[in-house]
K.L.:
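Below are the structure tokens for one structure; questions will follow.
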Amino acid sequence: ISSNDKLIVTLGSKGAKLIDKEITKKFSSVEAEVVDVTGAGDTFLSSLVYEYLRTFNLDKSILFAIRASAVTVQHMGVYAPTLEEI
């Protein structure tokens, strides 16, 4: 990993990790009753990008993406959460 590279790893029900050259930071998951995990990864990525482009804050964006994914897994099939739900 170069000094400008960062890696975000999703850990399912265990949250996510942000890894860069100097630190590894863990983000806890949000407790949710899991019905179906279909689309959770897509929701995480799209929510992460949305919030990052809005705030330019990677930590806040990861937390936002975790919350969005938690909403998604509480529904059967692919589900796109609304901003109000997140």
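Every heavy atom of this structure was used, including side-chain atoms; hydrogens, water molecules and symmetry mates were not. What you are looking at is a predicted structure, and each value in this text was computed from that prediction instead of being measured.
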K.L.:
What's the verdict on side chain to side chain contact (heavy atoms under 4.5 Å, CB included) for L11 and K17, showing C-alpha distance, side-chain angles and the deciding distance?
P.N.:
CA-CA 7 Å; L11 305 170; K17 265 199 271 191; 4.0 Å; yes

K.L.:
Please report the shortest heavy-atom distance between P81 and A68, naming the atom on each side.
P.N.:
CG-O, 3.7 Å

K.L.:
Side-chain heavy atoms under 4.5 angstrom apart, residues restricted to Ile, Leu, Val, Met, Phe, Trp, Tyr: same cluster for I66 and L48?
P.N.:
yes

K.L.:
Decide side chain to side chain contact (heavy atoms under 4.5 Å, CB included) for L45 and T10; before the verdict, give the C-alpha distance in whole Å, the side-chain angles of both, and the deciding distance to 0.1 Å.
P.N.:
CA-CA 10 Å; L45 182 58; T10 58; over 6 Å; no

K.L.:
Look at atom NZ of K26 and say whether more than 12 heavy atoms of other residues, nucleotides or ligands are closer to it than 6.0 Å.
P.N.:
yes

K.L.:
Can you tell me how the ring of F56 sits relative to the ring of Y52, calling it parallel under 30°, perpendicular over 60° and tilted otherwise?
P.N.:
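Answer is perpendicular, since the angle exceeds 60°.
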
K.L.:
Okay, side chain of T55, backbone of N57: is any donor-acceptor separation there less than 3.5 Å?
P.N.:
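Checked: pair present.
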
K.L.:
What distance separates R67 CZ from I86 CD1, expressed to the nearest 0.5 Å?
P.N.:
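With rounding to 0.5 Å, CZ (R67) is 7.5 Å from CD1 (I86).
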
K.L.:
Would the distance check show the side chain of S46 and the main-chain N or O of T43 forming a donor-acceptor pair, the cut-off being under 3.5 Å?
P.N.:
yes

K.L.:
Would you give the length of the straight line joining atom CD of E51 to atom CD1 of I62, rounded to the nearest 0.5 angstrom?
P.N.:
11.5 Å

K.L.:
For D36 and G77, indicate whether the former's side chain and the latter's backbone hold a donor-acceptor pair under 3.5 Å.
P.N.:
yes

K.L.:
If I take atom OG from residue S61 and atom CZ from residue R54, how far apart are they, to the nearest 0.5 angstrom?
P.N.:
8.5 Å

K.L.:
Drop me the distance from F27's CZ to L18's CG, to the nearest 0.5 angstrom.
P.N.:
5.5 Å

K.L.:
For a 4.5 angstrom cut-off between non-hydrogen side-chain atoms, does F44 reach I8?
P.N.:
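Yes. Closest side-chain heavy atoms under 4.5 Å.
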
K.L.:
For the pair K21 and D5, find out whether any cationic side-chain nitrogen is under 4.0 Å from an anionic carboxylate oxygen.
P.N.:
no

K.L.:
Is the shortest heavy-atom distance from the side chain of D42 to the side chain of T72 under 4.5 Å?
P.N.:
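Result no, sub-4.5 Å side-chain heavy-atom pair not found.
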
K.L.:
Keeping S69 on the side-chain end and A40 on the backbone end, is there a donor-acceptor pair under 3.5 Å?
P.N.:
yes

K.L.:
Taking T24 for the side chain and I19 for the main chain, is one N or O donor matched with an acceptor at less than 3.5 Å?
P.N.:
no

K.L.:
Quick one: closest heavy-atom pair of A32 and Q74, and the distance?
P.N.:
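So the two residues come closest at CB-NE2, 3.6 Å.
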
K.L.:
Show, in sequence, the C-alpha distance, side-chain angles and deciding distance for V35 and H75, and conclude whether the side chain to side chain contact (heavy atoms under 4.5 Å, CB included) test is met.
P.N.:
CA-CA 6 Å; V35 174; H75 295 83; over 6 Å; no

K.L.:
Out of curiosity, S47 OG to L63 CG, how far, rounded to the nearest 0.5 Å?
P.N.:
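Reported value, rounded in 0.5 Å steps: 12.5 Å.
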
